[in-house]
Amino acid sequence: MLVDTYGRVATDLRVSLTDRCNLRCSYCMPPEGLEWLPGPDLLTDDEIVRLVSVAVELGVTEVRFTGGEPLLRRGLVSIVERVAALQPRPHMSVTTNGIGLARVAGALAAAGLDRVNVSLDTLDRERFRTMARRDRLADVLAGMAAAADAGLTPVKVNAVLMRGVNDDEAPALLRWALGEGYRMRFIEQMPLDAQHGWERSTMVTADEILASLTAAFELTPVPGSERGSAPAEEWVVDGGPGRVGVIASVTRPFCGACDRVRLTADGQLRNCLFAREESDLRTAMRDGADDAELGRRMQASLLAKLPGHGIDDPGFLQPTRPMSAIGG
Ligand code: SAM
């Protein structure tokens, strides 16, 4: 098992397939993009499937493909198909900005993908263009609809609210998502942007998001027992069946229930989104480590997992890698 010294067991593996992205969301990347990881450093499709299979042997039951933008990875459908053939077969999802999803949703479902999370911060075309620095709102909406049609459900929609930009839009986003049958979740902005522009004093907090939602809807908390290790706290909206989630990583951290571990596109295992240390599985694998040795390295990395991400500690240091190069 992948267990840490606080008794938490990692069963959820987030796999970044690329650090590249076709959007430039202002809270994530500068307009000019970043210096991308060098090609030879990126794991091949075979290497990804091998590391996922070692993790599955060690108890991982959930695999989430992310990035960067995972739909930019050419081998995505084949990777999904190969991971779906593992025994026991893990549950699989993709976190995507939705661009290009309309084209590939059917193939992903046929390959064995279970579900998608699509990121969308605004329903306003101009705002989208300002926030993501690309005019692609229509592509994202088409991608979500295609995912729902292909049975990649529930389609979860993730939004980050930025003060003075889209923080007035939570009720409209929720109303729209309820109408479409999608599950809306709001994420607190985290100190993971490449530009180091995050400030606690200006981020939109979970309390503010909930205040704006309760002005428009009746929210009833879903009992904590149903949450398990899920990052989102959930509320039933207007008596149900619709729900809304808030992922309050900063103001209501949920590290005590964390079951996640991350593999970057260049083969580094991270036991936390905010970890400052990584375990270099790529070099070990290319130097000839067998599966047992790779598994031992994964276990050793988990044993070093800290009790919490420490955003509130006075000595908190943002990780060197931005979110896009870790895998969000
Ligand atoms: N490109 C894919 C997407 O857009 O979903 C996957 C990667 S993206 C980094 C994953 C999620 O992280 C998105 O929902 C994005 O909005 C969110 N994100 C990026 N930077 C963030 C930050 N600083 N704080 C909170 N969420 C962030």
Side-chain angles (χ1 to χ4, degrees), residues 12 25 27 62 64 91 93 95-98 114-128 131 137 140-141 143-145 147-149 151-190 200-260 311-312 328:
D12 180 339
C25 301
Y27 51 80
E62 171 92 34
R64 167 87 54 88
H91 184 270
S93 55
T95 296
T96 169
N97 62 29
D114 294 296
R115 215 178 51 65
V116 290
N117 285 351
V118 184
S119 304
L120 177 67
D121 302 326
T122 177
L123 293 164
D124 180 271
R125 183 174 170 186
E126 257 323 291
R127 272 190 189 177
F128 187 99
M131 289 188 79
L137 175 62
V140 177
L141 297 177
M144 286 181 191
D149 284 349
L152 297 172
T153 53
V155 173
K156 295 187 183 175
V157 181
N158 294 338
V160 176
L161 298 179
M162 301 284 288
R163 194 171 301 287
V165 180
N166 64 338
D167 55 340
D168 58 346
E169 223 179 312
L173 278 163
L174 176 55
R175 193 167 293 111
W176 162 81
L178 291 170
E180 299 292 333
Y182 304 151
R183 292 236 191 122
M184 194 68 223
R185 290 123 50 95
F186 296 95
I187 310 178
E188 281 183 344
Q189 190 196 355
M190 294 179 278
R200 174 141 197 174
S201 55
T202 55
M203 61 165 274
V204 180
T205 64
D207 283 351
E208 290 175 282
I209 297 165
L210 288 168
S212 120
L213 291 176
T214 46
F217 301 94
E218 189 186 307
L219 299 189
T220 315
V222 171
S225 53
E226 281 186 35
R227 180 178 179 188
S229 57
E233 272 177 86
E234 284 201 309
W235 285 261
V236 172
V237 184
D238 288 342
R243 290 184 176 200
V244 64
V246 177
I247 302 178
S249 314
V250 180
T251 64
R252 304 180 189 187
F254 36 87
C255 304
C258 180
D259 64 355
R260 286 169 289 286
I311 293 177
D312 277 331

Novice: Side chains of Met190 and Val250, heavy atoms from C-beta outward: is any pair under 4.5 Å?
Specialist: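 Met190 vs Val250: side chains touch.
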
Novice: Given Thr251 and Asp207, is the side-chain contact (heavy atoms from CB on, under 4.5 Å) satisfied, shown in steps?
Specialist: CA-CA 9 Å; Thr251 64; Asp207 283 351; 5.9 Å; no

Novice: Would Trp235 and Thr214 satisfy side-chain contact (heavy atoms from CB on, under 4.5 Å), going step by step from the backbone distance to the final call?
Specialist: CA-CA 11 Å; Trp235 285 261; Thr214 46; over 6 Å; no

Novice: Is Asn166 reaching over with its side chain to a backbone N or O of Glu169, donor-acceptor style, under 3.5 angstrom?
Specialist: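 Not a single qualifying donor-acceptor pair exists.
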
Novice: Roughly how far, to the nearest 0.5 Å, is the CG atom of Leu173 from the OG1 atom of Thr122?
Specialist: 6.5 Å

Novice: Using the side-chain contact (heavy atoms from CB on, under 4.5 Å) rule, take Phe186 and Leu213 through it: C-alpha gap first, then chi angles, then the decisive distance, then the call.
Specialist: CA-CA 11 Å; Phe186 296 95; Leu213 291 176; 4.0 Å; yes

Novice: Return the SG to CZ distance between Cys255 and Arg260, rounded to the nearest 0.5 Å.
Specialist: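 If I round to the nearest 0.5 Å, the distance is 8.5 Å.
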
Novice: Let me know which of Arg243, Arg185, Arg252 forms a salt bridge (charged side-chain N to carboxylate O under 4.0 Å, His left out) with Glu233.
Specialist: Arg252

Novice: Report yes or no: does Arg127 contribute a side-chain atom to a donor-acceptor pair with the main-chain N or O of Val165 at less than 3.5 Å?
Specialist: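 Yes, because the side chain of Arg127 sits within donor-acceptor range (under 3.5 Å) of the backbone of Val165.
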
Novice: Where do Glu188 and Glu208 land on the side-chain contact (heavy atoms from CB on, under 4.5 Å) test, with the steps shown first?
Specialist: CA-CA 10 Å; Glu188 281 183 344; Glu208 290 175 282; over 6 Å; no

Novice: Mind checking the CG-CZ spacing from Asp312 to Arg200? Nearest 0.5 Å is all I need.
Specialist: 4.0 Å

Novice: What pair of heavy atoms forms the shortest contact from Ala148 to Tyr182, and how long is it?
Specialist: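 Heavy atoms of Ala148 and Tyr182 come nearest at CB-CE2, 4.2 Å.
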
Novice: Which distance, rounded to the nearest 0.5 Å, do you find between the CE of Met184 and the CG of Asn158?
Specialist: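 Going from the CE atom of Met184 to the CG atom of Asn158 covers 7.5 Å.
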
Novice: Can you name the closest pair of heavy atoms from Val155 and Ala147 and give their distance?
Specialist: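 Scanning both residues, the minimum pair turns out to be CG2-CB, 4.2 Å.
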
Novice: Can you measure from CG (Asp121) to OH (Tyr27) and round to the nearest 0.5 angstrom?
Specialist: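 If I round to the nearest 0.5 Å, the distance is 3.5 Å.
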
Novice: Kindly indicate whether the side chain of Trp176, heavy atoms from C-beta on, has any atom under 4.5 Å from the side chain of Leu120.
Specialist: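 Yes, at least one pair of side-chain atoms sits under 4.5 Å.
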
Novice: Using every non-hydrogen atom in the two residues, find where Ala232 and Gly245 come nearest and quote the distance to one decimal.
Specialist: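 Heavy-atom minimum between the residues: CB-CA, 4.3 Å.
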
Novice: More than 12 foreign heavy atoms under 6.0 Å from CZ of Arg163: is that the case here?
Specialist: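 Atom CZ in Arg163 is packed in, count exceeds 12.
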
Novice: Roughly how far, to the nearest 0.5 Å, is CD1 of Ile187 from OG of Ser249?
Specialist: 7.5 Å

Novice: Is it the case that atom CD in Glu218 sees more than 12 heavy atoms from other parts of the structure closer than 6.0 Å?
Specialist: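 For Glu218, atom CD is not crowded (no more than 12 foreign heavy atoms under 6.0 Å).
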
Novice: Taking all heavy atoms of Pro154 and all of Arg115, pick out the closest pair and write down the distance.
Specialist: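 Shortest heavy-atom contact: O-CG, 3.1 Å.
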
Novice: Here's a test for you: under side chain to side chain contact (heavy atoms under 4.5 Å, CB included), which of Leu152, Val116, Val118 qualifies with Met144?
Specialist: Val118

Novice: Heavy atoms only: give me the nearest Leu123-Leu137 pair and the separation to one decimal.
Specialist: O-CD2, 3.4 Å

Novice: Could you pull out the closest heavy-atom pair between Ser119 and Val140, with the gap in Å?
Specialist: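 Here Ser119 and Val140 meet closest at O-CG1, 4.0 Å.
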
